[in-house]
Number of protein chains: 4
Amino acid sequence: MIGGGRGAFIGAVHRLAAIMDGQAELVAGAFSSDAARSQASGADLWLDPARVYGSYREMAWAEAARPAAERLDFVVIVTPNHQHFPPAKLFLEAGFNVVCDKPATFDLAEALALRKIVARTKKIFVLTHNYTGNAMVKQARELVRQGALGAIRKIVVEYPQGWLSTRLEATGQKQAEWRTDPKRSGAAGCLGDIGTHAENLARYVTGLKIDALCADLTTFVSGRKLDDDGNILVRYCGGAKGVLHASQISVGEENNLNLRVYGTKAGLEWHQEHPNELIVKYPDRPAQIWRRGNGYVGAQAQRFTRVPAGHPEGYLEAFGNIYREAFRAIAAEVAGQRRPKDLDFPTIDDGVYGMAFIETAVKSARRGARWVKFPKV
Amino acid sequence: MIGGGRGAFIGAVHRLAAIMDGQAELVAGAFSSDAARSQASGADLWLDPARVYGSYREMAWAEAARPAAERLDFVVIVTPNHQHFPPAKLFLEAGFNVVCDKPATFDLAEALALRKIVARTKKIFVLTHNYTGNAMVKQARELVRQGALGAIRKIVVEYPQGWLSTRLEATGQKQAEWRTDPKRSGAAGCLGDIGTHAENLARYVTGLKIDALCADLTTFVSGRKLDDDGNILVRYCGGAKGVLHASQISVGEENNLNLRVYGTKAGLEWHQEHPNELIVKYPDRPAQIWRRGNGYVGAQAQRFTRVPAGHPEGYLEAFGNIYREAFRAIAAEVAGQRRPKDLDFPTIDDGVYGMAFIETAVKSARRGARWVKFPKV
Amino acid sequence: MIGGGRGAFIGAVHRLAAIMDGQAELVAGAFSSDAARSQASGADLWLDPARVYGSYREMAWAEAARPAAERLDFVVIVTPNHQHFPPAKLFLEAGFNVVCDKPATFDLAEALALRKIVARTKKIFVLTHNYTGNAMVKQARELVRQGALGAIRKIVVEYPQGWLSTRLEATGQKQAEWRTDPKRSGAAGCLGDIGTHAENLARYVTGLKIDALCADLTTFVSGRKLDDDGNILVRYCGGAKGVLHASQISVGEENNLNLRVYGTKAGLEWHQEHPNELIVKYPDRPAQIWRRGNGYVGAQAQRFTRVPAGHPEGYLEAFGNIYREAFRAIAAEVAGQRRPKDLDFPTIDDGVYGMAFIETAVKSARRGARWVKFPKV
Amino acid sequence: MIGGGRGAFIGAVHRLAAIMDGQAELVAGAFSSDAARSQASGADLWLDPARVYGSYREMAWAEAARPAAERLDFVVIVTPNHQHFPPAKLFLEAGFNVVCDKPATFDLAEALALRKIVARTKKIFVLTHNYTGNAMVKQARELVRQGALGAIRKIVVEYPQGWLSTRLEATGQKQAEWRTDPKRSGAAGCLGDIGTHAENLARYVTGLKIDALCADLTTFVSGRKLDDDGNILVRYCGGAKGVLHASQISVGEENNLNLRVYGTKAGLEWHQEHPNELIVKYPDRPAQIWRRGNGYVGAQAQRFTRVPAGHPEGYLEAFGNIYREAFRAIAAEVAGQRRPKDLDFPTIDDGVYGMAFIETAVKSARRGARWVKFPKV
């Protein structure tokens, strides 16, 4: 693991998600660029101090030198955004598979470069857009693919949070600090942090790509350097229209990612805070509440289910599902087999797309919220 | 009553709402421009055939000629939009008070003209933006006015319906026919029919006016002449940002008007389909569910409550509340008193504002969804 | 109207419900046994003082003496329970139809006597178990009758309120006073006031009668003379089992009547506080949310619908539906026709059943909550 | 691990829950009494075949013989109920700590015997009443303990499921088979399997013990040998009253355990299927939605929180919280320290209480659902 030391949030999540199915074990880490802090974090995690490093470079060299039997199957990168590309490049080129937190990189140029590296090294690169790991999100996608919704007309995807409604970054809170710092976070704040999840979720379920968008990004909290709220109109390729809005100043909201999709035949609705349910709405019959774990649920959603219906799964299980698929890919590699064709995890292509989304939205916003064509990436 | 004959929807609603508190009685009507049909509707309603007319003009002349004791206290106009202004003008100028369905007129020019007529005649003009009649909407406004939300930053107002997701107007359905006909409905379809309710609701609760907007209006159903879906970015005077979207092709949605407002101190959320509840969200304490009829509810919301907490009120009561306030104004007039200062119903000013909203949004949409400054009206 | 003067709750509800469809008008009343108070209430309602009386006896004599054309079509009794039977008897025997609030009478003996009077006079007697007037309750009954649930196994019906969790009757609150007074309310408090609604609702939907019950009634508030909470185990004829509990000390609850029914094929769930929805649950497919006003809803539920789907109806509309059916019966009588066979309102039979329910439960409770066989009534 | 081989449900859950925090590792198991099947299960779990056994006895002997450094810290028993006591006794007496699935034993006598063994051996015995591991259940208990609810008056606890609404045990489904078999499950079916969870949850939150109960247990599915539904009236020590009902024939229900508690000052409501929320209701102010992970949540609930508010936790995390506390106890033992005083997991005392609950309810039911005094245990 690169990053994710004491005080980090997402590092702990990755560790829980990765070990959840008993398929992985944490054995090495560069948790901080401060060697002592990294060792302290490693000690918290009962790691062998010899495999705890003061930098990812040091770790890459040392681990790459280990005998094959002891080699890491994959490396997890959970640093702030500006520190995704350098370790990803280094580890991929050193022959390691990489699981990386989102957004993929600091900017689009890095993402495009990383895509080339992934292609060249033929290693596995997994981007943890974790919400698509939810079983009922997979069910939603299956319904769309089966044509149950007909042709899609409208997509509403929201990601309101409220935790940055005051200037939390000025209090020393680490999470807030780097997310609102353009040097570490990139060109966008809220949009990069959670807007990309919203875009990814909508695209995962519907398969629709963006033709053009018009983004009104705002920094409400005085003194903040990046956007903390964004409202975006979207025109999808093929004619569907959409609204995407994300916010970190929607006071009282926790992590209320949600998606509604309306087609010619039916609509659907999913809420991350109630992830075990998928509501399907029809023009001429009662709405249905599809619930995870039931026999009527499709094969793909069943495959990502750990406990029976009525025993709620949550954020960690969805996150773990990204890892579960990563492990299927890694297992195939270890076994010298071809990767399964039905692998279901976000890749560098999603990373490139997400970075293009950020850059396009920021470009639109800087032009006064004018429509900008989505680039071919 | 002008319009609202057999087969109409909103005429029956107005009648129920108006008589709900036992304060009004229907005594005359021009329910259709076809005299026989008008008489048939009048007979359904047990009216004296002598006071059922084949045209609103005929009715205005005949009713104005009656002795003072038998005179109508007010006239209700529930015709399609293009037939709002002519009867409103006629009756106001003949000395009658007018209750009129929304949107106020066919276009902004008519609304501005009507405003002058109202000013000149000094009669009462009530526009039935009925959703603002809900007790918990009034509570929401009171919370905003008391500063409980702090400075408002973000407004999300939605009005999804699904009933026009097919070309219903081609089947002879009357409601669909005129609403999708630019000659009767005006420059906008969905936007005029329900988008104006959304705008009005947001403004009623927050008091905020629009500085500029960017509207992407779409006609999804082939052959339809007006928009059936609209997504709008809003910049409010004073710096708040907003998203307003309305749709009649959101399949499976019924009448899902809802509002979220986020300020610096708290947020609130109200759903028309669950109108007895108002959710208030805080950054640092549990969200609250305010429910109509309880002792902790403010005076204004209490004033518009008919039955105790837990005994759900609905659409008709909210509609009736608009009438209840209209009757307060009318009673003052009848008694020769000044109008109460705290009258709480939508006026011709709301009508003008709503028509300006339609025209501005349509202008934005026709320019390819570019930002348009909201006019001073 | 008998009773329902100033300060009463249910009188105002009856008036709203009765006039809602424009089919009835209040013309006379004995609102209080104090003549001056009665006149004051009559004046509030704009009644002709000549038809406002100081006692129901006086009213019966005077109104019976009026010419046929001016005669009351029906009388509404909204007095406390001990004053149901005497006016009901008097008016029925004087040839008036009667609408009476629940529970039917002070005790079972009175109800049995009243049944004989109704049979003998052949007049219409309507008992306002208003919750069965809800459209989606009617839909629930239709689903049961169609066999959609299969054979019924389990019924859970609850009616929690919290308004009597303190000794409100000691503060002079009228509603609390008579409801907790055994001389006016009868043998039961909470059980008679709302437990009977719960029993009636379950029976209306399922058609099942009680074979035996075991009732644990409690008076939690010190100094109170009647039960304020009751938990009852029920064995239905035919083998279904049930739980019925009602409470007026469930602090924070408003009027949370709700019903769940489980059969061999499906289950259903309805909540009075969200009356426009009926949830139907299946073993092998997604649960459905049936919503009032949609095309898929059955004929009986459609017949009791005033406004379209998504425009919430509430307590008053359901109450009005009882009146609507009463008016169908009265209209047939006025027209000299037979009563329609499909009349759907609670009758004196429901009244007798409800009083038997109270007596049986009280008997069980007094024996220490032992099982008591339900009497043949 | 004893039991929990291929096809078992709860074994997998225990494994996930135990490793969730990276504090435990599965190293040995007797997954089946068929040695080959046990080995197959062990292989699925990548265990050393030398530590996979064909019986728990074999395992106890072999593992007890290992050097201290390699010794198991605890043994997990996830066999059907009749196989709880024998291995628990054996392992406790061999010096192992034991985590055991609920209900504790086959009958009360065994539970009493086990309590003596636990006392004598001074080993740790943890009973996995997992639902009390939920953070918001802990918050509920904290609110009760702080007096926020005042004196408790009424408790409603429900546990409806629908999965046994047909004779599933006749189809070879393992879970259904043993749960409906009196030789393996004990004197009760539904009551033992889930009714005990309901009782435990209510007692955990309120601290109230049962004075007497009246249980109506039913077997609805023809051919089934144990109850599949139970409705119970409860009188708690101190005067509170309650309703407890559990069902496995409530068709369409999944795992809908829920609790409502009403005191003199406030009420609360928690639903296992939406575990991150706790609703608190007041007589005189808006109901509150307490949500896991927020700063306003009490210390005990915070201690059992893994991810931030809005990132839903579920069944596994709650189960893992039982293990987390078990590990605190085990860590203290390993370190030679006293057990922490604030340990928060169900113990053999809860097991004895639960078995007494089963026996008392079955006794009541067999007497025709008469009141039975709860024994001193």
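First the proteins, then the strands, lettered A, B, ... as listed; each starts at 1.
When heavy atoms are compared at a cutoff of 4.5 Å, C:E254 does not approach chain D at all. Only the backbone of C:A266 comes within less than 4.5 Å of a heavy atom of chain D; no side-chain atom from C-beta onward does. Residue C:V280: no heavy atom, backbone or side chain, is found under 4.5 Å from chain D. Heavy atoms of C:R285 lying under 4.5 Å from chain D are absent altogether.
The line from CE of D:M136 to CG of D:N134 is 10.0 Å long, rounded to the nearest 0.5 Å. Interatomic distance, C:N276 CG to C:W270 CH2, rounded to the nearest 0.5 Å: 9.5 Å.
Side chains of C:N258 and C:Y159: a donor-acceptor N/O pair is absent below 3.5 angstrom, by distance only. With hydrogens and angles left out, the side-chain atoms of D:K265 and D:Y282 include no donor and acceptor closer than 3.5 Å.
Aromatic ring centroids of D:F374 and D:Y236 lie 6.0 Å or more apart.
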Notebook entry, point to check: Given the rule in the salt bridge (charged side-chain N to carboxylate O under 4.0 Å, His left out) test, do C:K154 and D:E253 qualify, once you have shown the distances and angles that lead to the verdict?
Noted result: CA-CA 12 Å; C:K154 181 159 190 174; D:E253 298 287 354; over 6 Å; no
Under the salt bridge (charged side-chain N to carboxylate O under 4.0 Å, His left out) criterion, do D:E169 and D:R179 qualify, and how do the steps go? CA-CA 9 Å; D:E169 62 269 37; D:R179 278 180 171 81; over 6 Å; no
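Remark: C:K209 NZ is loosely packed, at most 12 non-hydrogen atoms of other residues, nucleotides or ligands lying under 6.0 Å away.
Taking the side chain as every heavy atom from C-beta outward, D:H129 and D:Y204 never approach each other to under 4.5 Å.
Per-residue heavy-atom pair counts under 4.5 Å with chain C were compared for D:E158, D:K241, D:R370, and the maximum is reached by D:K241. Chain C forms more heavy-atom pairs under 4.5 Å with one residue of D:G368, D:A287, D:G239 than with any other, namely D:G368. Ranked by heavy-atom pairs under 4.5 Å with chain C, the list D:S250, D:G267, D:G162 is led by D:S250. Of the listed residues (D:K281, D:R153, D:H245), the greatest number of heavy-atom pairs within a distance under 4.5 Å of chain C belongs to D:R153. Taking chain D as the reference chain and counting heavy-atom pairs below 4.5 Å, the highest number among C:G150, C:P160, C:S165, C:A240 is found for C:S165.
The main-chain N or O of C:A369 is found under 3.5 Å from a side-chain atom of D:W371 such that the two form a donor-acceptor pair.
By a heavy-atom distance cut of under 4.5 Å, not one residue of residues 192-203 of chain D is near chain C. Contacts of residues 213-235 of chain D with chain C at a heavy-atom distance below 4.5 Å involve D:C214, D:D216, D:L217, D:T218, D:F220, D:V221, D:D229, D:G230, D:N231, D:I232, D:L233, D:R235, listed in sequence order.
D:L278 and D:E269 make their closest contact through CD1-O, 3.6 Å (heavy atoms, listed as atom of the first residue, atom of the second, distance). The two residues C:I249 and D:Y262 come nearest to each other via the heavy atoms O-CB, 4.4 Å. Across all non-hydrogen atoms, the minimal contact from C:I10 to C:Y315 is CD1-OH, 3.6 Å. In terms of heavy atoms, D:I358 sits closest to D:P103 at CD1-CB, 4.2 Å.
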